[in-house]
Amino acid sequence: MVDLESLNPEQLEAVLDTTHNLLLLACAGSGKTRTITTKIAYYIEKGILKPWEILAVTFTNKAAYEMRERIDSMLPGFDLSSLEVRTFHSFGAWLLRRHHAEAMLDDNFCIYDDDDSLSLLTTLFPTTDKKLLRGFSKSISKAKDLGVDPDDAKLSEIDSEEMFRMVYKRYESAIRCTGNCDFADLILLPVGLLEEHPDIADRYRRRFKLILVDEYQDSNRMQFRLLKLIAGESSQICVVGDDDQSIYAFRGAELKNILTFAKSFDNVREIKIEKNYRSTGEILRLAGGLISHNKERHVKDIVSATDAHGPLPKLLECADGEYEASTISSIIRRDRLFRSTAIIYRTNAQSLPFEMQLKKDRVPYRLVGALRFYDREEVKDALALLFLLVNRRDSVNFRRIINKPPRGIGPKAQEEIAGYGDDLVTGLELFSSGHGKAAEGAKAFLDNYKEMLESVERGDNLGDVLLRGITHSGLMAMYEKEPDKNVVKARKENLSTLISSLSQCQPGYESLVGYLENITLDNSTLGGTGEEDTESQVVLITMHNTKGLEFDNVFVAGLEDEIIPGGSDVRPSDLEEERRILYVAITRARKMLTLSYARRRMRWGHTDYMHKSRFIADFPSGSYESNVSRQERPPMDFDRLVGARMSYGKRISSWNGTTMNDLRKEENGTIERIELAVGDIVSSEIYGKGRVVALDGDMATIEFLSGVKRLNRNYSEFKMVEKASSIRKKTTFQVGDKVRSAVYGDGEIVSREVKNAAADIVVIRVRFKNSEVQLVEKFAKIEHI
DNA sequence: GCTCTCGCCCCAAGC
DNA sequence: GGGCGAGAGC
Ligand SMILES: Nc1ncnc2c1ncn2[C@@H]1O[C@H](COP(=O)(O)OP(=O)(O)OP(=O)(O)O)[C@@H](O)[C@H]1O
């Protein structure tokens with residue numbers, strides 16, 4: 001039975017309403033995803049709709065998998081294979097695969113990623129500045145996301161470069177020649193297809209009776225048009241989202257879509273939820289305070305539905321990036337946060353110090369995204385052979401692989417081959433009938449190509465086909481020549497991962513095409529350690545990637561200007577988006593939230609002096625606890641600062657007008673120096689509890705669980721846990737004594753036994769109201785009453 | 001056409 | 001720090 005009991009009234013309404021188009025505009029953690037998942041399961045269980053009549057669209061692949069999994073577990077025994085849970089792009093690919101001829105694509109078209117698009121541009125314009133081409137590549141995808149074609153008058157608003165229109169035009173005709181498509185085409189081409197073929201559109205309109213879109217605030221103009229095209233008279237549309245979580249403007253996301261939903265569709269019912277089931281009140285207060293600084297938003301509250309409370313969020317100031325990583329790692333180890341913990345940052349480049357630190361400290365972790373498996377050179381090379389196998393017009397992959405390893409077929413020869421026509425394999429055959437080194441190389445390449453093709457058609461295991469392919473082509477030998485043995489090893493491991501994943505596919509052509517589509521759409525399907533056990537590994541992830549996820553413990557690192565908010569051209573609208581990105585990261589936390597920033601950070605091989613993020617000022621006062629961890633900071637940072645000012649010139653802009661006096665004020669700041677004596681038990685925010693072993697002027701040597709540290713008392717803050725004097729003057733108890741404990745309440749001593757007189761280990765048993773506990777007398781936190 | 005070295009410049013985030 | 005492209009020299 002699908003569980004409707006635990007839903008709140010609004011969620012229940014959204015699940016049960018079968019007659020309206022629904023807009024669920026609700027805050028973070030309000031159970032939007034849970035609602036639509038339940039709705040799908042409910043419709044299927046009650047027989048309201050068949051699985052194939054439902055289409056659910058998510059924003060990321062991860063979200064799609066999770067949603068399918070949740071539905072599966074709600075409906076054991078149902079066959080859900082015909083239920084479509086996809087990202088917009090994967091849905092587009094699915095449509096195009098079914099109607100490739102009408103869309104003018106190859107039977108076995110593959111999808112070009114951003115790199116491939118850039119390669120295509122490079123072959124079209126070999127003499128044009130690479131940086132310029134990169135910009136064009138971005139502009140082209142932006143134009144396509146907006147549905148602006150090369151003849152559109154508004155094109156110059158996207159890219160004012162004079163030659164852009166011509167570049168865009170030639171790119172479009174070149175990609176059509178390959179029979180393949182790029183990411184933007186996955187939305188653009190289906191829109192064209194359905195507009196030009198009403199009969200096809202009708203089929204899908206009749207088929208999908210319920211269409212749900214998660215994270216609708218991040219849909220773009222073309223995705224909206226696609227949604228309109230597949231929404232039929234009798235279909236019910238249900239979109240859910242949160243305008244405060246719109247973080248994909250850079251990809252053309254338009255908040256307008258969700259804010260004007262009621263105008264775009266008929267018979268709309270809007271449901272709002274302002275209750276959060278995920279986080280503690282403390283976390284919500286901080287998050288709510290932050291987002292309330294955005295002007296362009298629908299003001300809504302975010303209040304705790306469960307009234308859960310927990311520790312106040314913490315803000316850590318760290319001397320540098322490495323120190324930030326080691327601090328976070330030591331907190332993770334100190335509090336044993338190995339389960340359901342994430343370290344979240346703005347850019348992938350920030351993951352490195354965490355990877356190194358966690359590896360050193362033997363904390364199991366999983367890196368999400370980053371250098372994606374299929375983006376690695378050797379993997380792309382090997383795949384290029386396969387791409388060419390399924391589509392002979394794939395010029396991008398042809399050029400990638402034809403002269404790798406070198407076989408004398410340079411740019412000139414490549415032009416000649418391309419001159420024979422779009423079918424590059426036929427071109428290569430014609431070329432190979434000539435003479436010379438290049439023709440010989442072409443023959444060798446063709447032999448391998450044909451051998452691979454035949455073995456796929458024969459039904460050989462696909463992994464074996466690839467292994468033979470990369471061996472005969474000389475790719476493998478080429479990688480082995482690399483002088484750095486570690487690189488060789490890593491490459492071989494990656495190739496072997498690739499081969500073994502391929503060998504698990506069904507043999508044959510069709511299955512190969514499917515495999516290739518899958519890996520382009522979802523880069524995360526392979527790679528990493530292979531262990532998908534996120535629950536017991538610390539997850540390293542970007543803010544964008546965490547959308548829709550949740551963790552008990554969240555560290556948000558790198559809260560510095562020029563990281564978040566990033567970039568230097570801070571337009572107000574960008575700033576609001578940056579604030580939303582941080583808001584998304586913060587609202588992933590269920591119980592514990594720790595924010596951190598570094599005062600200096602290594603970037604591009606030199607040290608930058610950072611200023612803490614301006615967003616920190618947006619947090620309500622008292623909503624977080626700033627420990628200001630100054631331990632490692634040399635007392636006089638100013639000399640270095642002045643040096644930096646002179647040598648780095650404009651880079652000092654990152655100080656954003658902070659004056660020396662501000663710094664000094666901060667420097668004299670809030671350290672409260674407490675009296676210490678040898679033997680005292682103190683606690684430090686960074687290192688946890690420790691025992692003072694020596695005092696020497698300003699320096700205190702303290703033994704922490706993680707090791708002995710020598711700290712300057714002017715720059716380190718401690719809390720007294722237990723004075724040594726009070727430890728010595730410890731109380732003893734007698735059987736029958738009435739005692740009080742902060743944890744257990746009042747109780748009575750029932751036994752007392754000296755276990756080891758020399759070490760002063762005396763075990764007492766105390767009976768409290770609800771329990772009986774055994775304690776070591778000298779450590780017991782109880783007192784006489 | 002291949003390979004090695006020098007010097008440049010680091011703008012993201014995602015499908 | 002490092003990846004990458006330009007250009008020299010083979
Ligand atoms: N009615 C409810 N009772 C108890 N827990 C709930 C309820 N609704 C949702 N939750 C829990 O709240 C958490 C957040 O739910 P969910 O991920 O569906 O929210 P969301 O609105 O999609 O969040 P976000 O927009 O931040 O990604 C989940 O752990 C979910 O199980």
Side-chain angles (χ1 to χ4, degrees), chain A residues 57-64 86-93 111-114 117-118 122 126-131 133-135 138 141-142 144-145 181-188 215 218-220 222-223 246-253 344-353 368-372 374-375 377 403-414 436-438 441 478 481 483 517-525 541-548 558 562-570 574 577-578 580-582 584-585 601-608 651:
Chain A
V57 180
T58 64
F59 207 74
T60 63
N61 294 293
K62 215 176 160 113
R86 291 175 177 275
T87 62
F88 265 114
H89 288 89
S90 134
F91 174 68
I111 301 150
Y112 284 154
D113 64 19
D114 295 351
S117 299
L118 189 59
T122 315
T127 55
T128 309
D129 178 53
K130 296 290 166 300
K131 239 178 105 181
L133 285 183
R134 268 237 300 273
K138 282 193 175 162
S141 87
K142 195 162 186 182
K144 291 173 86 166
D145 280 346
C181 69
D182 60 22
F183 271 113
D185 284 329
L186 293 178
I187 312 296
L188 199 59
E215 312 281 9
D218 279 319
S219 59
N220 65 31
M222 279 289 113
Q223 291 166 339
S246 163
I247 57 174
Y248 282 94
F250 73 92
R251 214 169 79 188
I344 307 179
Y345 37 77
R346 178 69 174 82
T347 65
N348 279 312
Q350 287 167 261
S351 71
L352 197 64
V368 178
L371 213 179
R372 304 174 303 176
Y374 296 103
D375 285 350
E377 186 189 355
N403 206 24
K404 216 167 174 182
R407 23 176 103 74
I409 308 179
K412 245 181 90 201
Q414 290 176 23
K437 199 170 162 232
M478 186 188 86
K481 264 198 249 146
E517 171 174 319
N518 225 353
I519 59 175
T520 333
L521 283 175
D522 185 2
N523 245 299
S524 68
T525 36
I541 192 168
T542 63
M543 298 187 177
H544 281 87
N545 243 325
T546 54
K547 178 170 232 208
E562 294 194 351
I563 290 184
I564 176 132
S568 36
D569 54 335
V570 215
D574 291 346
E577 170 132 334
E578 295 287 313
R580 290 193 292 267
I581 294 170
L582 180 57
V584 167
R601 190 175 285 284
M602 284 283 274
R603 294 153 100 200
W604 310 314
H606 59 253
T607 300
D608 274 355
R651 237 195 312 280

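Among the protein residues, A/E577 comes within range of no part of the nucleic acid, since none of its heavy atoms lies under 4.0 Å from any strand. Contacts of A/R407 with the nucleic acid, taken as non-hydrogen atoms under 4.0 Å apart, involve only primed sugar atoms and P, OP1 or OP2. Counting non-hydrogen atoms under 4.0 angstrom, A/R134 reaches the backbone sugars and phosphates but no base. Here A/F250 lies in heavy-atom contact (under 4.0 Å) with a base. Backbone-only engagement by A/F59 is indicated by non-hydrogen atom pairs under 4.0 Å involving sugar-phosphate atoms exclusively.
Here A/N61 does not reach the OP1 or OP2 of B/dG14: none of its side-chain N or O atoms lies under 4.0 Å away. Side-chain nitrogen and oxygen atoms of A/N545 include at least one within less than 4.0 Å of the OP1 or OP2 phosphate oxygen of B/dG14. Between A/K138 and B/dA12 there is a side-chain polar atom (N or O) within less than 4.0 angstrom of OP1 or OP2. Regarding contacts with the backbone of B/dA13, a side-chain N or O of A/N348 is found under 4.0 angstrom from either OP1 or OP2. In this structure, A/K131 reaches the B/dC10 phosphate: one of its side-chain N or O atoms is under 4.0 Å from OP1 or OP2. Phosphate proximity of B/dG14 to A/T542: present, with a side-chain N or O under 4.0 Å from OP1 or OP2.
Comparing B/dA12 with C/dG5, their P atoms are spaced 16 Å from each other, to the whole Å. Comparing the C1' positions of B/dA13 and C/dC4 gives an interatomic distance of 23 Å, to the nearest angstrom.
What separates CZ of A/R251 from P of B/dA13 is a distance of 13 Å, to the nearest Å.
Comparing atom distances between the A/N403 side chain and each of B/dA12, B/dC2, B/dG14 picks out B/dC2 as nearest. Residue A/H89 has its side chain nearest to B/dC15 when only B/dA12, B/dG14, B/dC15 are considered. Between B/dA13, B/dC2, B/dC15, one nucleotide has an atom nearer to the side chain of A/P406 than all others, and that is B/dC2.
With values rounded to the nearest 0.5 angstrom, A/R601 atom CZ is found 5.5 Å from A/Q350 atom CD.
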Every protein N/O lying under 3.5 Å from an N/O of nucleotides 2-10 of chain C:
none

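Ring-plane geometry between A/F59 and A/Y248 is classed as tilted, the angle between the planes lying from 30 to 60 degrees on a 0 to 90 degree scale.
The base of B/dC15 sits within donor-acceptor range of the side chain of A/D114, with an N or O pair under 3.5 Å.
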